Amino acid sequence: MQNNEDILHNIAVIQQRIANACKKANRNINEVKLLLATKTVPPEKIKIAFESGLNLIGENKVQEVKAKYDALKNTPHQSHFIGHLQSNKIKDLLKYNVNCIQTIDSFSLAEKLHQRLLSTQQKIDILIQVNTSAEESKFGVAPENAIALIKQIATLETLQIKGLMTIGLFSAELTKVRICFKMLKNLQQTIIQEKIPNVQMQELSMGMSGDVEIAIEEGATIIRVGTAIFGKRIYADSYYWDETKDK
Ligand SMILES: *Cc1c(COP(=O)(O)O)cnc(C)c1O
């Protein structure tokens, strides 16, 4: 874990990378939000990042959302859920003012979330997680099934679809990573043309520490960065992507 000065320095570096990538891609820097991927990061370190003006975090596990909630609740920020969500944790997650769940990938999960929100008369923003790297991950709807799923979920009035999310391929081969991001962008464009009622498609959440530039070039509006700001984590990422693997 990085010390406080490192964190602030790393944020400045990432912001410069974002600025450079936006310039190269001819995009307005205000179109790209930097989400802090804060799994394993303690609240004190997250608050250091907030001091630099950032205010969007993403957690992978409900118990981490819960554990950090009190320490962070008095510092204004937005929080997204970016891990695989188990339906038996929905009720718990909704206690902690999460602004967006980025990982909805099935109708049964959406429906359970909807039922819970109905009972408390709440609405929530969601992104549809798409598996753009096929063999690499078991989470996310297959691209060819995404439109049908979105049409179904759009009928659930408590869920406000705002766009798409993908994790992309884990590879040093950036051309392959780029293919994943292009796929998400193309899907977004196709969905926009479908003009599905109750569906907005402005957000594309894609890109992490290693591929921020490519993601921005391909149209990301939310990039999710952990390691490049907070340093390396001890557990493999697959551990954090799978809510069934409890600590
Ligand atoms: C951990 C995580 C990230 C950030 O990855 P880094 O390589 O640490 O920047 C982004 N998205 C998701 C879903 C994650 O779990």
Side-chain angles (χ1 to χ4, degrees), residues 1-2 6-7 9-18 21 32-42 45-46 49 52 54 56-65 67-68 78-86 89 93 98-105 109 125-133 136-141 162-174 176-178 180-181 184 203-216 218 220-247:
M1 190 71 53
Q2 308 281 291
D6 289 337
I7 290 171
H9 171 77
N10 293 343
I11 288 172
V13 171
I14 280 284
Q15 284 173 327
Q16 192 57 53
R17 283 174 63 190
I18 294 171
V32 182
K33 291 185 276 289
L34 172 55
L35 176 147
L36 300 159
T38 48
K39 54 183 176 272
T40 76
V41 180
K45 301 283 177 195
I46 299 174
S52 74
L54 297 176
L56 175 60
I57 62 172
E59 288 289 353
N60 292 63
K61 289 193 170 263
V62 174
Q63 66 264 43
E64 275 201 65
V65 175
K68 300 176 198 178
Q78 299 259 311
S79 106
H80 288 195
F81 192 76
I82 62 172
H84 176 67
L85 181 59
Q86 261 185 294
K89 301 261 168 84
L93 180 62
V98 170
N99 303 95
C100 177
I101 300 175
Q102 294 202 3
T103 48
I104 300 300
D105 63 356
L109 181 63
D125 289 350
I126 61 166
L127 303 184
I128 304 302
Q129 182 176 2
V130 181
N131 183 352
T132 54
S133 62
E136 291 287 316
S137 159
K138 54 186 163 140
F139 301 120
V141 59
K162 298 290 179 184
L164 307 175
M165 178 272 205
T166 197
I167 291 180
L169 190 71
F170 269 100
S171 173
E173 289 179 71
L174 294 181
K176 290 188 181 165
V177 178
R178 190 186 290 276
C180 297
F181 296 162
L184 202 69
E203 303 292 359
L204 279 185
S205 174
M206 59 188 192
M208 320 200 304
S209 292
D211 44 39
V212 162
E213 288 79 4
I214 299 178
I216 290 174
E218 299 303 333
T221 64
I222 302 174
I223 53 168
R224 309 178 308 262
V225 178
T227 312
I229 293 175
F230 298 108
K232 284 214 189 325
R233 296 172 292 268
I234 9 178
Y235 296 97
D237 280 349
S238 57
Y239 176 87
Y240 288 98
W241 289 338
D242 191 348
E243 178 70 28
T244 58
K245 294 180 189 166
D246 272 327
K247 270 200 203 133

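We use all heavy atoms of the structure for the numbers below, so side chains are in, but hydrogens, waters and symmetry mates are not. Start at 1 and go down the list; that is how both ligands and their atoms are numbered. Note that the structure is a prediction, hence the values are computed from the model and not measured. If you read the sequence from its start, that first residue is 1, and numbering goes on from there.
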Colleague: Could you name the option among Thr40, Thr103, Thr227, Leu35 that has the heavy atom nearest to atom 6 (P) of ligand 1?
Modeller: Thr227

Colleague: The test is side-chain contact (heavy atoms from CB on, under 4.5 Å); show your working for Gln2 and Asn10 and say whether it passes.
Modeller: CA-CA 9 Å; Gln2 308 281 291; Asn10 293 343; 3.2 Å; yes

Colleague: Counting only heavy atoms closer than 4.0 Å, does ligand 1 sit against the backbone of Ser209, its side chain, both, or neither?
Modeller: both

Colleague: Checking Gln129 against Thr103 for the side-chain hydrogen bond (donor to acceptor under 3.5 Å, both in side chains) test, could you report, in this order, the C-alpha distance in whole Å, the side-chain angles of both residues, the deciding distance, and whether it holds?
Modeller: CA-CA 5 Å; Gln129 182 176 2; Thr103 48; 4.7 Å; no

Colleague: For ligand 1, which atoms sit closer than 4.0 Å to a heavy atom of Lys39?
Modeller: 1 (C), 2 (C), 3 (C), 14 (C), 15 (O)

Colleague: Working to the nearest 0.5 Å, report the span between CG of Leu127 and OG1 of Thr166.
Modeller: 11.5 Å

Colleague: Between Lys176 and Glu173, does at least one N-O distance fall below 4.0 Å, as a salt bridge requires?
Modeller: yes

Colleague: Can you find an N or O of Gly226 that's nearer than 3.5 Å to an N or O of ligand 1?
Modeller: yes

Colleague: Number the atoms of ligand 1 from 1 as they appear, then name those within less than 4.0 Å of a heavy atom of Val225, with their elements.
Modeller: 9 (O)

Colleague: For ligand 1, which atoms sit closer than 4.0 Å to a heavy atom of Arg224?
Modeller: 4 (C), 9 (O), 10 (C), 11 (N), 12 (C), 13 (C)

Colleague: Sort out for me which residue in Leu164, Ile126, Leu35 forms a side chain to side chain contact (heavy atoms under 4.5 Å, CB included) with Gln102.
Modeller: Leu35

Colleague: Looking at Arg178 and Glu218, does any basic side-chain N land under 4.0 Å from a carboxylate oxygen?
Modeller: yes

Colleague: Taking 4.0 Å as the limit for heavy-atom contacts, which would you say applies to Asn60 with ligand 1: side chain only, backbone only, both, or neither?
Modeller: side chain

